[in-house]
Amino acid sequence: MLSTFRPYAALSAVLVALAGCAAVPAVPPAGAVAAKPLFRDPVYDGAADPTLVWNQARGRWWMFYTNRRATAAGLPGVTWVHGTRIGIAESPDGGAHWTYVGTADIELPPDLGGAGTTHWAPDVVRAGDGTYHMFVTVVPGVFEDWGHPRVIVHLTSTDLRTWRHPAVVPLANDKVIDPSLARLPDGSWRMWYNNERDHKNTYYADSPDLEHWTDRGRAVAQRGEGPKVFRWHGAWWMIVDLWHGLGVFRSDDALTWRKQDATLLEQPGQGPDDGVMGGHADVVVSGERAYLFYFVHPGRRGPDAKADGVEQRRSLIQVTELLDDGGIIRTDRDAPVRIRLDPPG
């Protein structure tokens, strides 16, 4: 018996199949919608300069951050930005929600300020043997102004809480801040940092093992701070806080950098506590997606933007997804962010 060919039915089946394929996005939405604001420190309400790392033992993401003493009373000048300890928060759901863990137990010798020192803007990476390495800006004391030395100190940990074996990284001079590390294709490491004595340009140094470093000089002739370097979509990217949004640079070899015209987060957002420009950020690449964790001073807006009170001092962490628009990075900070960060590797 011959089968009957029904062209209209066949065409309908093809159209349904095509429609089904079109309904599936190239990169499907991931995870829960992130809280907004993402995180506020419950002690001093001064969370800034975030960096994220996967806690292998806990099976959760941890966030390390500078905790400015925004709510502390009677602190003159910029004392409230000194005397800080590195805060820690944890996410149970891949980055959408965060809870306070405490502070990093960092032990420093007397010549680095001992117990009365200042900790800023850490970066944390995990080596192949499972040891965690922190590179953190250390100011040897608590001061009312910015005119004091600061160095980048290397410490190690096996649990992400207790940090020992401090060693100053030999860099360009005695006034360097904001380390950012990335592993290169040959297995070596590169650190980018801010050289405050050279007009706050970004410098870099190389290491085969995270212990021994060779300073290489200037990487980017751009006044700014908080460089963050990451690999995404076949290129190297560097994001720098320009104090009027975040500058974006692209490189094929992590040596020669080209700046894109458009900045990120220069225009205020519309969401809760997000109505000001964004600053000093971290980026986590998860699969094909990339997420930008940044901080804001939500009270620095309107007629009292330049006042010096708790409202202007407080800061907190927000997150947005990065979008690759034909080789140009952009973001929509007002869009809901679905996020589920995968464990690295």
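The closest donor-acceptor contact from the side chain of D93 to the backbone of H97 lies under 3.5 Å. One N or O on the side chain of H297 and one on the backbone of R313 form a donor-acceptor pair closer than 3.5 Å. Checking side-chain atoms of T117 against main-chain N and O of L112 turns up a donor-acceptor pair under 3.5 Å. Using modelled atom types, one side-chain atom of N201 and one backbone atom of D198 make a donor-acceptor pair closer than 3.5 Å. Without hydrogens or angle criteria, S251 side chain to T256 main chain gives a donor-acceptor distance under 3.5 Å. The backbone N or O of I328 lies less than 3.5 Å from no partner atom in the side chain of D325, so there is not a single donor-acceptor pair. With hydrogens and angles ignored, the 3.5 Å screen pairs no side-chain donor or acceptor of Q222 with any backbone N or O of K259. T118 contributes a side-chain N or O that, together with a main-chain N or O of G83, makes up a donor-acceptor pair within less than 3.5 Å. Looking only at distances, a side-chain donor or acceptor of D41 sits under 3.5 Å from a matching main-chain atom of Y44. With hydrogens and angles disregarded, no donor-acceptor distance shorter than 3.5 Å links the side chain of E196 to the backbone of I177.
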Given R250 and Q260, is the side chain to side chain contact (heavy atoms under 4.5 Å, CB included) satisfied, shown in steps?
-> CA-CA 8 Å; R250 179 179 176 138; Q260 76 175 36; over 6 Å; no
Hey, mind stepping through Y291 and L322 against side chain to side chain contact (heavy atoms under 4.5 Å, CB included) and telling me if it holds?
-> CA-CA 6 Å; Y291 297 92; L322 293 180; over 6 Å; no
Test log, rule side chain to side chain contact (heavy atoms under 4.5 Å, CB included), inputs M63 and I317 | CA-CA 10 Å; M63 178 195 299; I317 310 300; 4.1 Å; yes
Carefully, step by step, assess V248 and L264 under the rule side chain to side chain contact (heavy atoms under 4.5 Å, CB included).
-> CA-CA 8 Å; V248 180; L264 305 177; 3.7 Å; yes
Begin with the C-alpha distance, continue with both residues' side-chain angles, and end with the deciding distance and a verdict on side chain to side chain donor-acceptor pair (under 3.5 Å) for H233 and D324.
-> CA-CA 8 Å; H233 288 184; D324 184 351; 2.9 Å; yes
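Using a 4.5 Å heavy-atom threshold, the side chains of P92 and R60 count as touching. Counting heavy atoms from C-beta on, the side chains of Y132 and T156 never come closer than 4.5 Å. With a 4.5 Å cut-off on side-chain heavy atoms, M134 and F64 count as touching. Between W62 and L160, some side-chain heavy-atom pair lies under the 4.5 Å cut-off. Two residues are said to be in side-chain contact when any heavy atoms from C-beta on lie closer than 4.5 Å; V240 and F249 meet this criterion. Using a 4.5 Å heavy-atom threshold, the side chains of V169 and V153 count as separate. With contacts defined as side-chain heavy-atom distances shorter than 4.5 Å, the pair R68/W80 qualifies.
I106 and I152 fall into different hydrophobic clusters, where Ile, Leu, Val, Met, Phe, Trp and Tyr residues are linked whenever their side-chain heavy atoms come under 4.5 Å apart, directly or through other members. Cluster membership check: V319 shares its hydrophobic cluster with F39, using side-chain heavy-atom separations under 4.5 Å among Ile, Leu, Val, Met, Phe, Trp and Tyr. V337 and L52 fall within the same hydrophobic cluster, where Ile, Leu, Val, Met, Phe, Trp and Tyr residues are linked whenever their side-chain heavy atoms come under 4.5 Å apart, directly or through other members. Criterion: ILVMFWY side-chain heavy atoms under 4.5 Å apart, direct or through other members. Under it, F230 and L246 are part of a common hydrophobic cluster. L255 and W189 fall into different hydrophobic clusters, where Ile, Leu, Val, Met, Phe, Trp and Tyr side chains are chained together by heavy-atom contacts under 4.5 Å.
When all heavy atoms are compared, the tightest approach of P149 to P140 is O-CD, 3.3 Å. Of all non-hydrogen atoms in V136 and L155, the two that sit nearest each other are CG1-CD1, 3.8 Å. Residues A121 and T66 share a closest heavy-atom pair of N-OG1, 2.7 Å. Pairing each heavy atom of W61 with each of D342, the nearest pair is CZ2-O, 3.0 Å. Here the closest heavy-atom approach between residue A219 and residue W257 is recorded as O-CD1, 3.8 Å. Smallest separation of non-hydrogen atoms from K175 and W146: NZ-O, 3.3 Å.
Scanning for side chain to side chain donor-acceptor pair (under 3.5 Å) contacts around H244 gives an empty result, with sequence neighbours left out.
Separating the CG atom in L184 from the CZ atom in R190 is a distance of 4.5 Å, to the nearest 0.5 Å. Put simply, NE2 on H119 and CH2 on W163 are 12.5 Å apart, with the number rounded to the nearest 0.5 Å. Taken from OG in S180 to CH2 in W192, the straight-line distance is 7.0 Å, to the nearest 0.5 Å. One finds the NE2 atom of H154 at 10.5 Å from the NE2 atom of H212 (value rounded to the nearest 0.5 Å). Atom CG of D178 and atom NZ of K228 lie 12.0 Å apart (nearest 0.5 Å). For the atom pair OG1 (T331) and CG (L292), the distance works out to 6.5 Å, reported to the nearest 0.5 Å.
In R231, the CZ atom is crowded: over 12 heavy atoms of neighbouring residues, nucleotides or ligands sit closer than 6.0 Å. The number of heavy atoms from other shown groups lying within 6.0 Å of CG (D111) is above 12.
Screening R223, E225, K200 for a side-chain hydrogen bond (donor to acceptor under 3.5 Å, both in side chains) with N194, the sole residue that qualifies is K200. Of the candidates H148, R197, R150, D174 forms a side-chain hydrogen bond (donor to acceptor under 3.5 Å, both in side chains) with just one, namely R197. Of the residues D274, T320, D49, the one that meets the side-chain hydrogen bond (donor to acceptor under 3.5 Å, both in side chains) test with Y294 is D274.
Between the side chains of D123 and T51, at least one donor-acceptor pair of N or O atoms lies under 3.5 Å. In the model, D105 has no side-chain atom that pairs as donor or acceptor with a side-chain atom of T103 under 3.5 Å.
Salt bridge present: R314 and D273 bring a charged side-chain N and a carboxylate O closer than 4.0 Å.
The distance between the ring centers of H82 and W120 falls below 6.0 angstrom. The distance between the ring centers of Y204 and W213 does not fall below 6.0 angstrom.
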